[in-house]
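A quick write-up on the structure given underneath.
All values below were derived from every heavy atom in this structure, side-chain atoms included, with hydrogens, water molecules and symmetry-related copies excluded. All values derive from a computational prediction rather than experimental measurement. Both ligands and their constituent atoms are indexed starting at 1 by order of listing.
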Amino acid sequence: MCGIVGGFRRDGAVVDSLVDGLRVLEYRGYDSAGVAVVDERGLTVRRKAGRLAELEGEIKDGALNGASIGIGHTRWATHGPPTDRNAHPHTDVAGRVALVHNGIIENYLELRDELTAAGVELLSDTDTEVLAHLVGRELADAGDLAEAVRRALVRVEGYYAIAVVARGAEASMVCARHGPPLCVGVTDDAAWLGSDVLAILPHTREVIFLEDGDVAELGPGSVRIVRPDGTAAERAPKTIEWDAEDAGKGGYPHYMLKEIYEQPDVLAQTAFSRLDLDRGDVAFEGDLWDDEFLSRLERVQIAACGTALHAGLVTSYMIERLAGVPVDVDYASEFRYRDPVLVPNTLALAISQSGETADTLAALRLATALGARPATICNSIGSTMVRESESSILIEAGPEIGVASTKAFVAMVVAGYMLAVRTARARGRIDADAGRTLLEELRLVRPRLESLLADDAVERVRGIAERHHDAKGFLFLGRGINYPIALEGALKLKEISYVHAEGYPAGEMKHGPIALIEPGMSTLVVAPHDDVAEKVLSNIEQVKARGGEVICVGSDPDCLAVADEALEVPHTGSWLSPVLNVVPLQLFAYFVALKKGCDIDKPRNLAKSVTVE
Ligand code: M6R
């Protein structure tokens with residue numbers, strides 16, 4: 001949801017760094033892009049609708065070279081279409097201030113009216129432009145950019161991460177956050193800011209995650225933070241352990257494919273160092289994961305969005321059946337407006353790759369306000385959800401850049417499984433031997449995951465995807481713990497190939513979706529060899545009887561035998577079959593999108609991290 005970068009480097013080579021940073025952050029939004037730099041000639045802005053490559057074309061004349069200070073933006077449109085004039089940065093009336101923004105200014109109409117009444121001509125449709133004017137006006141009065149930003153933000157309602165530069169006697173760079181993420185890093189010779197740590201990592205591993213309300217003034221070797229009331233604040237940097245190369249494509253044509261292939265290693269990273277096989281238990285750090293809290297637990301309330309919600313659904317089957325604790329799973333966007341009633345001793349569990357999704361964060365905050373104990377399964381150290389949770393399980397999946405989430409899903413399900421085992425052990429539902437058997441299954445799953453990514457297995461999925469890519473529509477069916485896998489398979493296909501796909505519980509098909517079945521319609525059925533395999537077999541027969549084509553994904557031999565196309569998945573204990581079954585579905589979506597020529601890593605209208613409502 002928009003990417004922001006900024007740099008202040010003594011050697012006067014900031015433009016290339018800004019473009020590099022924007023390239024890394026383009027996954028956050030890619031409707032338009034822009035940069036603003038300050039040098040002895042003043043303030044220069046270049047911005048362009050379209051992908052970053054368009055902006056690069058605009059600045060290749062070298063006119064911005066030599067500047068030391070600059071900010072950049074890659075946009076996911078909220079207010080106003082993706083045009084040149086709506087692209088960021090926006091400037092104030094005097095052309096003294098340039099500003100980039102991620103988020104939504106909720107009272108922008110009121111501020112816009114006020115500015116218009118004062119004779120200011122607004123040049124864009126965005127909510128952001130009002131901020132540039134407000135800062136410009138305050139700067140004329142305050143004379144200091146950080147103070148001007150602080151004063152301007154007092155007038156603002158909504159959510160923002162902003163970066164601002166201004167020309168003047170003392171050129172400076174300031175940023176602020178309330179809601180969307182923003183982090184900064186300084187070295188002796190430079191200072192950097194970014195919406196995501198990935199933009200800072202090429203320059204330093206020591207990163208400060210700003211808190212809501214922080215206004216930071218940055219210069220080479222210095223960061224000064226003030227709070228909304230003007231008092232100073234100190235923030236300790238965190239050391240980031242990943243390498244910048246972890247965020248590269250590593251020779252794969254798309255991030256999504258690379259991330260699919262990373263899944264066996266991700267499973268190991270999420271799980272193996274936390275397994276205590278002697279005790280048949282899981283070692284998590286955090287008060288909410290200890291026996292005392294988990295043995296008193298009365299309910300788990302999961303809130304999440306999209307793929308993370310599907311991981312939450314899988315987790316709910318595991319926690320309910322293994323630990324005997326009731327679990328509710330809500331779309332975060334619904335939870336926050338349904339006046340939920342929570343019982344005492346509820347664990348509010350937000351699940352999120354980014355840790356910044358606006359709806360999930362609001363749901364976590366609401367559940368906390370209602371008395372639940374907040375916790376997160378998350379991929380982003382330093383994210384708001386992690387910081388606002390009493391305890392977190394970091395899934396250690398590494399940076400996920402493809403907008404379609406893959407490896408984070410597998411890691412979330414693995415984390416959910418370990419939490420179910422830990423809770424079952426804390427409550428005495430299973431003994432050490434049973435716990436050990438369950439956890440050893442994780443070690444067995446890794447080679448099985450690898451086998452699904454062997455060349456012949458992948459080529460088989462490619463062949464089926466190419467044969468079906470033009471189907472009239474796609475129905476995904478699954479039962480029990482694999483019903484969320486049907487939802488996830490359909491979501492992946494919709495997101496990246498723009499074809500209609502529906503995920504359904506297989507037993508529900510006869511109550512409506514069966515009307516869709518006809519020749520030319522493809523149905524993907526998830527069919528592990530488990531206690532409901534016979535029922536799934538009947539569903540397959542029902543589809544075939546109506547002329548639909550069935551692609552079966554799973555380990556049940558009977559289901560595989562009757563299907564038109566079979567994607568065999570190694571058998572595993574029923575708890576972890578979702579981790580395996582999802583892989584051919586991810587690959588299927590990938591190859592359909594590839595065949596259709598879609599932009600796989602940057603699907604239209606989407607953004608990786610949805611930090612607005
Ligand atoms: O960062 P989060 O996990 O909170 O994101 C939630 C959803 O926006 C995300 O899973 C989205 O559905 C993905 N594009 C799915 O591939």
Counting from 1, what ligand 1 atoms have a heavy atom of [X] closer than 4.0 Å?
| X | value |
| --- | --- |
| A308 | 3 (O), 10 (O) |
| S354 | 1 (O), 2 (P), 4 (O) |
| E495 | 13 (C), 14 (N), 15 (C), 16 (O) |
| K492 | 15 (C), 16 (O) |
| S405 | 15 (C), 16 (O) |
| A404 | 16 (O) |
| V403 | 13 (C), 14 (N), 16 (O) |
| Q353 | 1 (O), 2 (P), 3 (O), 4 (O) |

Could you find the nearest protein heavy atom to [atom] and give me its residue, atom name and distance?
| atom | result |
| --- | --- |
| atom 7 (C) of ligand 1 | C305 O, 3.6 Å |
| atom 12 (O) of ligand 1 | G306 CA, 3.3 Å |
| atom 9 (C) of ligand 1 | T307 N, 4.1 Å |
| atom 8 (O) of ligand 1 | V610 CG2, 4.1 Å |

Review point. Going through the checks in order, is the side-chain contact (heavy atoms from CB on, under 4.5 Å) test met by L52 and T74?
Key: CA-CA 8 Å; L52 183 58; T74 176; 5.9 Å; no
Inset, instruction - Could you tell me whether T360 and ligand 1 have an N or O pair separated by under 3.5 Å? - result: no
Show, in sequence, the C-alpha distance, side-chain angles and deciding distance for T307 and S405, and conclude whether the side-chain hydrogen bond (donor to acceptor under 3.5 Å, both in side chains) test is met. CA-CA 7 Å; T307 287; S405 182; 4.9 Å; no
- [ ] Describe, in one word, how the ring planes of Y590 and H254 are oriented to each other, choosing from parallel (under 30°), tilted (30 to 60°) and perpendicular (over 60°).
- [x] perpendicular
**OP:** Could you check whether the rings of W192 and H203 sit parallel, tilted or perpendicular, using 30° and 60° as the cut-offs?
**Re:** parallel
- Message: Assess the residue pair S32 and N86 against the criterion (side-chain hydrogen bond (donor to acceptor under 3.5 Å, both in side chains)); give the C-alpha distance rounded to whole Å, side-chain angles, the decisive distance to 0.1 Å, and a yes or no.
- Response: CA-CA 8 Å; S32 58; N86 286 333; over 6 Å; no
Honestly, for E356 the part within reach of ligand 1 (heavy atoms, under 4.0 Å) is neither
Q) Side chains of S383 and E356: is there a donor and an acceptor less than 3.5 Å apart? A) no
Filtering I351, T357, T406 for the heavy atom nearest atom 4 (O) of ligand 1 leaves T357
Test salt bridge (Lys or Arg N to Asp or Glu O under 4.0 Å), reference R51, set D601, D31, D599, output is D599
The side-chain hydrogen bond (donor to acceptor under 3.5 Å, both in side chains) partner of N379 among E400, Q353, K407 is Q353
Using a 4.5 Å cut-off on heavy atoms from C-beta on, say whether the side chain of M318 contacts that of V413. yes
Salt bridge or not between K492 and E495? Use side-chain N to carboxylate O under 4.0 Å. yes
